[in-house]
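Below is one structure, written out as structure tokens; comments come after it.
Numbering of residues begins at 1 and proceeds along the displayed sequence.
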Amino acid sequence: RRCAVLKASNATVQYGLTVSGKDSAVRGLGIHGFGQGSSGGDLSASGANALVEGNVVGSHATSLSKPEGAQISLGEAGILFQGVNGVVQNNLVAYGSTRGIYFSSGATGSMAMFNEVLHNGRASTGSNNGGITAANAHSVRIHANRVVDNGASGLTLHADAGSITE
């Protein structure tokens with residue numbers, strides 16, 4: 001297996017990678033340092049039935065370590081997911097300034113499982129900052145994730161978001 005590594009030298013690009021095609025998959029990617037202020041991030045997936053799997057997001061690809069200065073992932077999330085019936089699984093998501101994984105509007109029926117979500121949401125304050133957030137996304141399922149040492153919360157589910165299972 002090979003791993004592609006994307007790294008921003010400064011946070012002026014809104015998203016490091018945007019995937020919007022139906023049935024698309026992102027696997028084996030190392031990415032960090034993208035996003036601007038309150039928008040953007042490292043990876044955005046909005047296609048129906050998308051799969052985001054086996055990626056290292058927000059940290060160096062070869063070790064769990066915080067990137068220096070301008071290489072920290074800024075924006076609204078390390079992974080912003082807006083696709084219907086998609087899956088985010090087996091990823092390491094760390095050191096995002098706001099959220100690790102964010103299921104936003106359009107992510108109806110999507111799932112996060114078997115992810116490691118660490119040290120996100122520490123650069124800004126707010127009730128939605130932290131590990132995994134689901135807002136304006138119906139029937140999102142959160143299952144068997146390891147969520148540790150994130151900012152305001154490890155997990156935020158808004159009233160319309162969905163459920164947590166073991």
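- In this structure, Thr156 and Ser153 approach most closely via the heavy-atom pair OG1-OG, 2.6 Å.
- Using a 4.5 Å heavy-atom threshold, the side chains of Gln82 and Leu80 count as touching.
- A pairwise comparison of heavy atoms in Asn120 and Ala94 identifies OD1-C, 3.4 Å as the closest pair.
- One finds the CZ atom of Phe103 at 14.0 Å from the CG atom of Asn136 (value rounded to the nearest 0.5 Å).
- A continuous path of Ile, Leu, Val, Met, Phe, Trp and Tyr side chains, each step under 4.5 Å between heavy atoms, connects Val19 with Val52, placing both in one hydrophobic cluster.
- Asn145 places a side-chain N or O within donor-acceptor distance of the main-chain N or O of Ala112, the cut-off being under 3.5 Å.
- To the nearest 0.5 Å, atom OG of residue Ser59 and atom CG of residue Asp42 are 10.5 Å apart.
- Counting all heavy atoms, side chain and backbone alike, Asn55 lies closest to Val26 at ND2-O, 3.1 Å.
- Of all heavy-atom pairs between Met113 and Val87, the closest is CE-CG1, 4.1 Å.
- In this structure, CD1 on Ile79 lies 13.5 Å from CZ on Arg99, to the nearest 0.5 angstrom.
- In this structure, CG in Asn91 is found 10.5 Å from CD in Glu116, a value given to the nearest 0.5 Å.
- Linking Ile, Leu, Val, Met, Phe, Trp and Tyr residues whenever their side-chain heavy atoms come within less than 4.5 Å places Leu17 and Val57 in a single cluster.
- The aromatic rings of Phe114 and His143 sit perpendicular, their planes meeting at an angle over 60°, well past the 30° parallel limit.
- In the hydrophobic clustering of this structure, Leu92 groups with Tyr95; members are Ile, Leu, Val, Met, Phe, Trp, Tyr whose side-chain heavy atoms approach within less than 4.5 Å, directly or through other members.
- Nearest heavy-atom pair, His119 versus Asp149, reported as atom, atom and distance to 0.1 Å: ND1-OD2, 2.8 Å.
- Placement of Val88 and Leu157 within a single hydrophobic cluster is found when ILVMFWY residues are connected by side-chain heavy-atom separations under 4.5 Å, directly or transitively.
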(request) Before giving the answer on side chain to side chain contact (heavy atoms under 4.5 Å, CB included), spell out for Val84 and Ser110 the whole-Å C-alpha distance, their side-chain angles and the decisive distance to 0.1 Å. (result) CA-CA 6 Å; Val84 175; Ser110 295; 5.8 Å; no
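- Distance check: Ser97 OG to Glu76 CD gives 10.5 Å after rounding to the nearest 0.5 Å.
- Aromatic ring centroids of Phe34 and Tyr15 lie 6.0 Å or more apart.
- Hydrophobic clustering (ILVMFWY, side-chain heavy atoms < 4.5 Å, transitive): Val117 and Leu29 are in one cluster.
- With rounding to the nearest 0.5 Å, the separation of CD1 in Ile132 from CD1 in Ile142 is 5.0 Å.
- For Leu118 against Arg146, the heavy-atom pair with the smallest separation is CD2-NH1, 4.0 Å.
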